[in-house]
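Remember, it's 1-based here, ligands and their atoms both numbered in the order they're listed. In this chain, numbering begins with 1 at the start of the sequence shown.
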Amino acid sequence: MATCPFPHAAMAPAAAGTCPVSVQAMAFDPFGDGYQQDPPEYLRWAREQEPTFFSPQLGYWVVTRFDAIKAIFRDNITFSPSIALEKITPTGPEANAVLASYGYAMNRTLVNEDEPAHMPRRRVLMEPFTPEALKAHEPMVRELTRQYVDRFINDGRADLVDQLLWEVPLTVALHFLGVPEEDMDALRRYSIAHTVNTWGRPKPEEQVAVAHAVGNFWQLAGQILAKMRLDPSGPGWMKYGIRQQVLHPEVVTDSYLHSMMMAGIVAAHETTANATANAMKLLLQHPRAWQDICEDPSLIPNAVEECLRHNGSVAAWRRLATTDVVIDGIAIPAGSKLLIVTSSANHDERHFADADLFDIRRDNASEHLTFGYGAHQCMGKNLARMEMQIFLEEFTRRLPHMRLAQQTFSYVPNTSFRGPEHLWVEWDAALNPERNTPELLRRQQPVRIGEPSKHAITRPVIVEAITPLAEGVIKLRLVSPDGQALPRWAPGAHIDVECGSAELSRQYSLCGDPADERALEIAVLREAAGRGGSAWVHGRVLVGDRLKIRGPRNHFRLDESAQRLILIAGGIGITPVSAMARRAHALGIEYQLHYCGRSRAGMAMLDDLAALHGEQLHVHVSAEGSRLDLQALLATPEAGTQIYACGPVRMLDALAQACAAWPEDALRVEHFVSTVGTLDPAREQAFEVELKDSGFTIPVRADQTLLAALRAANVDIQSDCEEGLCGSCEVSVLSGQVDHRDVVLTRAEREANRQMMSCCSRACGGQKLVLEL
Ligand code: HEM
Ligand code: FES
């Protein structure tokens with residue numbers, strides 16, 4: 001057990017003898033079955049009560065929440081990655097002597113290299129990971145997968161790990177690295193030994209055997225490298241590294257190449273094998289999701305992300321605090337070791353709504369931290385994604401009737417690399433679809449390199465009811481086709497509805513009861529001057545129709561810690577505002593609800609609102625001469641009061657003026673329409689952006705958005721509306737003046753200049769911007 005870092009001697013007499021390490025923190029054991037079976041569940045208490053704690057058993061500080069972990073990944077100077085490959089359990093003298101006898105000298109690779117050495121090395125070794133280079137591996141991955149499935153498809157039963165998931169990623173890894181196919185069984189044994197040696201807690205009697213395997217692995221890596229050096233021509237990342245060494249000998253060192261030869265084999269194969277085994281287990285445990293991807297393979301790329309989020313193959317990573325730091329309010333001294341549990345971050349409700357729900361249509365699934373983040377983010381992530389997509393595609397097409405066999409799952413006990421050691425599945429071979437439909441074998445789903453496109457992820461819903469709410473306004477009640485629960489949402493959230501074609505999609509705020517898991521409700525106003533979405537909903541949609549939606553997602557979130565709320569809705573803007581008012585009512589927050597409209601006949605939900613909100617509801621009808629006097633309502637700024645508003649632009653502009661004297665962030669609004677025009681290259685200026693976390697600079701041409709330039713440089717950025725409305729393409733700004741053109745950021749946020757919407761905003765006057773990417 002490690003020494004307790006708290007200064008017991010210095011404690012006040014009343015506290016002396018009561019160590020501040022909680023009982024749960026004391027009991028935390030990442031090598032026990034609880035953590036091995038389900039790390040995020042095992043750490044639920046910590047995420048909720050003690051997000052950062054000291055583990056005496058491990059001698060590490062354990063960090064469990066999303067924001068803290070992302071911030072740690074972001075700053076690789078304060079939080080050094082140097083301990084990423086250190087033995088988490090120091091071994092005894094006998095095992096150390098065995099390792100020394102093999103000349104074992106595992107040193108810095110990329111993943112555990114500090115700056116300034118790391119970034120130049122990462123950059124000179126990047127080329128084989130570009131989308132074009134990765135695409136070249138696709139036929140090999142497909143062919144291998146097909147051959148392995150052929151071997152067992154008629155058996156009706158297989159252990160996917162032993163019979164495919166271990167060897168195919170290993171073979172792909174060796175191809176990718178340019179290593180000739182060596183003894184696969186030995187490499188598998190060595191890789192597991194490396195995992196146990198680095199992230200496990202081998203018992204003293206196991207340590208020696210592990211040390212022999214690791215020593216052999218080290219020597220084999222050296223031999224492969226020596227052979228490769230004789231002729232480093234041809235494809236393969238390690239050969240590329242040897243060639244780059246000639247050009248940059250001080251950057252690509254000998255020690256790096258030997259260490260990477262060993263670590264690279266593990267990084268490229270064990271992670272992917274485990275990730276796919278976890279994914280298959282998860283999908284088969286959720287038959288609805290499995291059936292959905294069997295029926296619609298275009299869902300596979302996002303299903304891969306959701307599997308990596310929900311049950312990824314790297315459960316935790318490590319960093320060393322180089323200075324005194326404060327994490328989640330806890331002071332942590334310089335020199336402390338941190339176990340950052342990414343699998344717990346991926347289940348943090350603060351970032352992922354309804355986080356425990358396995359939802360293959362989740363639209364921020366790819367924000368998971370399973371690949372790390374920032375300067376060291378996994379370089380091989382798009383190779384892994386490609387392999388996983390191909391595996392899922394082959395399985396769903398050839399074995400859609402596969403199911404999990406009865407079994408108990410076991411894991412190699414360690415903090416970080418996680419996947420079941422065996423995954424038994426079974427099926428009725430007589431029902432194999434290719435027996436009757438041989439052409440099935442030729443069908444292929446194009447692989448998507450990189451993050452999934454958000455536009456591809458739709459959720460089918462059935463229109464259960466259509467109710468007129470007011471003149472020109474109808475309410476749609478949408479339920480899932482199989483009656484299953486829909487994702488939970490929070491007031492202010494919206495969904496995108498595809499209005500007849502993928503090109504015409506419109507955002508509608510949710511207005512029902514967030515506690516009702518059965519249905520999502522939206523109110524739609526027929527807009528004569530609109531772009532056709534509302535006319536389609538009003539004219540074409542019937543009860544029983546199947547619609548495609550995306551989301552829910554939320555960029556208009558209610559701050560539930562507000563002391564007092566003024567909620568203002570104009571016309572159909574009542575939809576998100578009504579959900580906020582309902583929540584304020586439920587939470588007992590003091591609130592006023594102002595609802596403005598031209599005539600009562602056109603105002604939706606009046607009776608329901610009056611029934612629920614009584615005196616809190618103030619109705620302002622211009623036809624009756626009872627307009628809302630914003631200046632009078634907001635004459636006196638009040639600390640602790642927040643104003644939320646949704647409605648027509650004119651109303652929101654007037655509101656912004658009326659709030660001029662209010663604290664910066666008091667007013668939060670949701671717009672209906674974008675004020676962004678199309679890009680006119682004749683009037684725009686080109687500019688440069690420096691990507692601080694990634695370490696390079698890219699130009700943005702006058703005829704290009706920042707979003708397009710980032711994507712061209714292979715930087716994954718989410719987007720949705722691409723007209724400054726939805727907030728999904730937000731990037732963080734470190735320096736440079738931004739010409740903000742979106743309607744998402746508040747005035748205070750614009751002035752703070754810390755964020756920008758990459759789909760529309762640009763640099764002022766062609767200056768350079770520095771982004772946190
Ligand atoms: C780094 C996870 C597949 C190569 C990392 C890191 C993680 C990770 C957590 C550290 C990130 C950080 O410190 O911010 C995974 C997972 C994979 C996977 C979950 C599969 C699902 C691959 C593959 C390769 C690869 C197929 C191919 C060669 C690398 C490299 C780094 C890295 C080179 C070091 C990057 C750097 O430090 O600059 N990976 N990885 N990984 N991974 Fe992966
Ligand atoms: Fe919607 Fe940029 S993509 S604001």
Review point. Quick one: are the ring centres of Y240 and F176 less than 6.0 Å apart?
Key: no

(request) Tell me, please: is R319 in heavy-atom contact with ligand 1, that is, under 4.0 Å? (result) yes

message = Between ligand 1 and H118, can you find any atom pair, the residue atom being a heavy atom, that is separated by under 4.0 Å?
response = yes

The answer for which part of M260 has a heavy atom under 4.0 Å from ligand 1 is side chain

A student checking ligand 2 against C729 at a 4.0 Å heavy-atom cut-off should list atoms 2 (Fe), 3 (S), 4 (S)

_Does either side chain, that of Q245 or that of D254, offer a donor lying less than 3.5 Å from an acceptor on the other one?_
yes

Closest to atom 36 (C) of ligand 1 among protein heavy atoms sits R122 NH1, 3.4 Å

**Asked** Think R108 forms a cation-pi with Y256, using NZ or CZ under 6.0 Å from the six-ring centre and within 45 degrees of its axis?
**Response** no

| request: Would you tell me whether W166 and H269 have side-chain atoms, one donor and one acceptor, within less than 3.5 Å of each other? | output: yes

Quick note on ligand 1: atoms under 4.0 Å from a heavy atom of F176 include exactly 28 (C)

*Do the ring centers of H118 and H376 come within less than 6.0 Å of each other?*
yes

Quick look: Y373 vs ligand 1, heavy-atom contacts under 4.0 Å, and the answer is backbone

- prompt: Does the gap between the ring centers of H310 and H347 come in under 6.0 Å?
  reply: yes

Check: Within less than 2.8 Å of atom 2 (Fe) of ligand 2, any N, O or S from C760?
Finding: no

W317 heavy atoms within 4.0 Å reach ligand 1 at atoms 10 (C), 13 (O)

| Modelled atom types, side-chain donor and acceptor of S82 and S80, under 3.5 Å | yes

Nearest non-hydrogen protein atom to atom 9 (C) of ligand 1, with distance, is T370 O, 3.4 Å

With heavy atoms and a 4.0 Å threshold, my read on which part of H376 contacts ligand 1 is both

Ligand 1 atoms nearer than 4.0 angstrom to some heavy atom of F73 are 12 (C), 13 (O), 14 (O)

Within 4.0 Å of some non-hydrogen atom of S313, the atoms of ligand 1 are 19 (C), 21 (C)

- For ligand 1, is there an N or O atom under 3.5 Å from any N or O atom of L110? yes

Verify the distance criterion only: is there a donor paired with an acceptor across the side chains of N382 and R385 at less than 3.5 Å?
-> yes

| Is the distance between the ring centroids of H494 and Y508 less than 6.0 Å? | no

Quick note on ligand 1: atoms under 4.0 Å from a heavy atom of A275 include exactly 21 (C)

Any N or O of T272 that comes nearer than 3.5 Å to an N or O of ligand 1? no

Atoms of ligand 1 under 4.0 Å from any heavy atom of W237, numbered from 1 in the order shown, are 33 (C)

Exercise. Answer yes or no on whether R418 is positioned over the face of Y411, meaning its NZ or CZ is under 6.0 Å from the six-membered ring centre and within 45° of the axis.
Key: yes

- Item | Enclosure of K692 NZ (heavy-atom neighbours >12, cutoff 6.0 Å) | no

Exercise for the section: List the steps and the verdict of salt bridge (charged side-chain N to carboxylate O under 4.0 Å, His left out) for E772 and R754. Expected result: CA-CA 10 Å; E772 195 170 83; R754 309 291 306 157; 5.3 Å; no

Determine, stepwise, if the pair T109 / N112 fulfils side-chain hydrogen bond (donor to acceptor under 3.5 Å, both in side chains). CA-CA 6 Å; T109 59; N112 59 350; 3.2 Å; yes

Counting only protein N, O or S atoms (no waters) closer than 2.8 Å to atom 43 (Fe) of ligand 1 gives 1

Practice item. Step through it carefully: locate the ring centre of F217, locate the ring centre of Y190, and say whether they are under 6.0 Å apart. Key: yes

Between ligand 1 and P81, can you find any atom pair, the residue atom being a heavy atom, that is separated by under 4.0 Å? no

F79-F73 aromatic ring centre distance below 6.0 Å: no

